[in-house]
Amino acid sequence: MYARDKILHSLASGQDPHGWRTPVDCVRANELCAAESSCSSRYRTLRQCLAGRDRNTMLANKECQAALEVLQESPLYDCRCKRGMKKELQCLQIYWSIHLGLTEGEEFYEASPYEPVTSRLSDIFRLASIFSGMDPATNSKSNHCLDAAKACNLNDNCKRLRSAYISTCSKVISATERCNRRKCHKALRQFFDRVPSEYTYRLLFCSCKDQACAERRRQTIVPSCSYEDKEKPNCLDLRNMCRTDHLCRSRLADFHTNCQVSFQSLTSCPGDNYQACLGSYAGMIGFDMTPNYIDSSITSIAVSPWCSCRGSGNMEEECEKFLRDFTENPCLRNAIQAFGNGTDVNLSPKNPSLPVTLPPKTEKSPALPDDINDSNTIYDTSVITTCTSVQEHGPKLNKSKEHSLCFSETQLTTDIMPDQKTFVDQKASGSRHSARGILSVLPFLLVKLAL
C-alpha cells in the first residue's frame, strides 16, 4: 500500500522521484508506449481503473497497482505539453487521462501539464527593442498603452489577429444577445497563442498614470463580450466548469503553478520568474476562467475572473482562497508592475566564500515610438488621454529577520502606484545597515583568523 500511495502522490504532484528522466511531450510519449506491448496494455488497464466511479476501490486492485508500477517507468509518467503546440489538445488529453483520475476532488492546486518556462521578462524587453528600434530615452514621454497598439499595427500578424478578435467580440448578434462569446473566446485564444509576447504583453500590462489609459488597458480584451455577463457565477462553480474542459483546466493549473505566492522567493513568484506568471495569466484569456482588470484604478492593480463567492455555503473559505489568488496575489501584481516599469529580476549567484546575497540587476525597457498612427479604427477611436510612463527605479533589497529577501512594493513599482497596499515586510529595511557593518569588518576578522 505504501508503494501505491507513493506512486499516486508522485503522479498527482507531477514530480519525478527518479529525478533523471527528461520529459517528452505526451503525444510522443503515447507513441513510444504504444510501440511497447507491456506499456500499451498497462496503459489501457490504468485508464479502465480510473474510469470507475469508486477510484479508491479500483486503485486498490492488484492489476491496477501493477499498471501504475509499469507506467511510472514509461515516458507517459512525466510527459508534458507545450502551450500552443500543433497537437496541444491531444497532448493534454493524454496527460489528463492519467493525472485527472488521481487528482480530481483531492487537489486545490493541480500541477501544470506544460513544460516549465525558462525565459525571463528581460528576454521580452530585448526582443521588443529589436523589433521596434526605439530609444530608451523616449520612455519617460511615452504613452505605453497607445504605443502598444501602434506597435501591434506595425506587425502584420499582430494587426490581423487583433483586428479579428476585436471585430468578432464587438459584433452584436441580436437585441438579447450582444455577441457570440464562443467565437470571441476562440479569436482571443488565437491572438494570445499566435502573437509573440513582446506585442501581447504590451497590450495587457502597459503602465498607466491616468484613468483613461487604465480604461484602455481594461478594454484590451473587449470585456463586454469576453468577460462580463448579466450575473456573476460562484467562483467554485466556474472553476468546476473550467475543469471539465482539458484546455481550460490546463491553463488554470498552469496559472496556479507559476503565479502561486512563494514566500521563499525574492519577488513572491515561484523561481522569481515574472515571465512565467504573466504567460500563464495571458494563457487563461479566451476561456471560461478569463481574467481581467476589475476597474480602471491607477492606485491599485486588481484582476479577477468574472465570479464571486456568493452562495458558497460551507465552501466559502475555499472560494475566498481561490479568488484571492487573483485579487490579492503579490506575485501577479508585482509581475504586472515590473513589466510596466520595464524591470526584471536578475539573481546573481552567491559567492561561496562570502555568504552575502548580491542585489539583483535591472534592465530597462525601451519605449515604443510615439509618432506612428494607430490604424485600427475599430478599437482606437475611443477617447484616450496621455498615459505618461513612469520614472524607472531599479529594485532594491530588504533582508528580513529570517534572512529571506523581498522587494518592498514601492521599490518594485516606483511612483506609479503611490497609494497601493504592500504585501511585503517593511520592517526589515534597517538590516541593510547591519549588512554593511558586517562587510566592513569582515576583512579584519579574516586577518585575525589567519593569525
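The structure displayed is predicted, hence computed values, not measured ones.
Not a single donor-acceptor pair under 3.5 Å links the side chain of Ser312 to the backbone N or O of Met315. Counting only distance, with no hydrogens or angles, the side chain of Tyr201 and the backbone of Gly279 share a donor-acceptor pair below 3.5 Å. The closest donor-acceptor contact from the side chain of Arg243 to the backbone of Arg249 lies at 3.5 Å or more, if one exists at all. Between the His185 side chain and the Ser226 main chain, a donor and an acceptor come within less than 3.5 Å of each other. A donor-acceptor pair under 3.5 Å is formed between the side chain of Asp272 and the backbone N or O of Thr267. Between the side chain of Ser170 and the main chain of Ser167, no donor-acceptor pair closer than 3.5 Å is present.
Taking the ring centre of Phe108 as origin, the terminal cationic atom of Arg239 falls inside the region bounded by 6.0 Å and 45° from the ring axis. Phe287 carries Arg189 over the face of its six-membered ring, with the cationic atom under 6.0 Å from the centre and within 45° of the normal. Stacking of Arg217 on the aromatic ring of Tyr293 is recorded, both the 6.0 Å distance cut-off and the 45° axial limit being met. Taking the centre and axis of the six-membered ring of Tyr114, the NZ or CZ atom of Lys82 falls outside the cone set by 45° and 6.0 Å.
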Practice problem: Apply side-chain contact (heavy atoms from CB on, under 4.5 Å) to Leu203 and Tyr199, showing your working. | Solution: CA-CA 7 Å; Leu203 291 166; Tyr199 295 106; 5.7 Å; no

Quiz prompt | Full working for side-chain contact (heavy atoms from CB on, under 4.5 Å) between Val117 and Asn273 | solution = CA-CA 8 Å; Val117 176; Asn273 194 334; 4.3 Å; yes

Exercise. Begin with the C-alpha distance, continue with both residues' side-chain angles, and end with the deciding distance and a verdict on side-chain contact (heavy atoms from CB on, under 4.5 Å) for Tyr43 and Ile94.
Key: CA-CA 11 Å; Tyr43 183 40; Ile94 296 169; 3.8 Å; yes

Exercise. Could you go through the side-chain contact (heavy atoms from CB on, under 4.5 Å) check for Ile285 and Tyr227 one step at a time?
Key: CA-CA 9 Å; Ile285 296 175; Tyr227 178 67; over 6 Å; no

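Between Pro305 and Thr290, every side-chain heavy-atom pair lies at or beyond the 4.5 Å cut-off. Between Phe339 and Cys206, the closest side-chain pair of non-hydrogen atoms is not below 4.5 Å. Two residues are said to be in side-chain contact when any heavy atoms from C-beta on lie closer than 4.5 Å; Leu247 and Glu88 meet this criterion. The side-chain heavy atoms of Cys208 and Cys145, taken from C-beta on, include a pair separated by under 4.5 Å. Under the 4.5 Å side-chain criterion, counting only non-hydrogen atoms from C-beta, Trp306 is in contact with Asp229. Looking only at side-chain heavy atoms (C-beta outward), Asp325 and His256 come within less than 4.5 Å of each other. Proximity of Glu115 to Arg83: side-chain heavy atoms (C-beta onward) are nowhere separated by under 4.5 Å. For the pair Leu76 and Leu32, the minimum side-chain heavy-atom distance is 4.5 Å or more.
Not counting sequence neighbours, the partners of Phe191 by the ring-ring contact (aromatic ring centres under 6.0 Å, His included) test are Tyr165. Judged as a side chain to side chain donor-acceptor pair (under 3.5 Å), and not counting sequence neighbours, the contacts of Ser296 are Glu215. Here Asn157 pairs with Arg160 under the side chain to side chain donor-acceptor pair (under 3.5 Å) rule; sequence neighbours left out. Residues meeting the side chain to side chain donor-acceptor pair (under 3.5 Å) test with Asn258, sequence neighbours left out: Asp254, Ser280. Phe326 pairs by the ring-ring contact (aromatic ring centres under 6.0 Å, His included) definition with Phe255, Phe322, not counting sequence neighbours.
Cysteines Cys79 and Cys26: SG-SG separation is under 2.5 Å. Pairing of Cys152 with Cys158 by a disulfide is supported, the SG atoms lying closer than 2.5 Å. Pairing of Cys259 with Cys277 by a disulfide is supported, the SG atoms lying closer than 2.5 Å. Remark: Cys179 SG to Cys184 SG, distance not under 2.5 Å. Between Cys235 and Cys309, the two SG sulfurs stay at or beyond 2.5 Å from each other.
Other residues, nucleotides and ligands place no more than 12 heavy atoms under 6.0 Å from the CD atom of Glu231. When the shell of 6.0 Å around NZ of Lys183 is examined, it contains 12 or fewer heavy atoms from other residues, nucleotides or ligands.
Rounding to the nearest 0.5 Å places CZ of Arg218 at 13.5 Å from CG of Leu204. Atoms CG and SG, on Leu46 and Cys39 in that order, are 10.0 Å from each other to the nearest 0.5 Å. Between Leu323 atom CG and Leu236 atom CG the span is 9.5 Å, to the nearest 0.5 Å. For the atom pair CG of Asn153 and CG of Asp156, the computed distance is 10.0 Å after rounding to the nearest 0.5 Å. From Cys91, atom SG reaches atom NZ of Lys86 across 14.5 Å, with rounding to the nearest 0.5 Å. Interatomic distance, Ser250 OG to Met284 CE, rounded to the nearest 0.5 Å: 12.5 Å.
When every heavy atom of Arg202 is checked against every heavy atom of Ala148, the shortest pair comes out as O-CB, 3.2 Å. Here the closest non-hydrogen pair linking Ala111 and Thr257 is C-OG1, 3.9 Å. Looking at every heavy atom in both residues, Leu188 comes nearest to Ile221 through CD1-O, 3.9 Å. Ser207 approaches Gly340 most closely through the heavy-atom pair OG-O, 3.3 Å. In terms of heavy atoms, Val303 sits closest to Leu332 at CG2-CD2, 3.4 Å. Nearest heavy atoms, Leu252 versus Met289: CD1-CG, 4.1 Å.
A salt bridge links Asp193 to Arg251: at least one charged side-chain nitrogen sits closer than 4.0 Å to a carboxylate oxygen.
Defined by atom type and a distance below 3.5 Å, a donor-acceptor pair is present between the side-chain atoms of Ser40 and Arg44.
The salt bridge (charged side-chain N to carboxylate O under 4.0 Å, His left out) contacts involving residues 23-37 comprise Arg28-Glu31, where partners must be two or more places apart or lie in separate chains.
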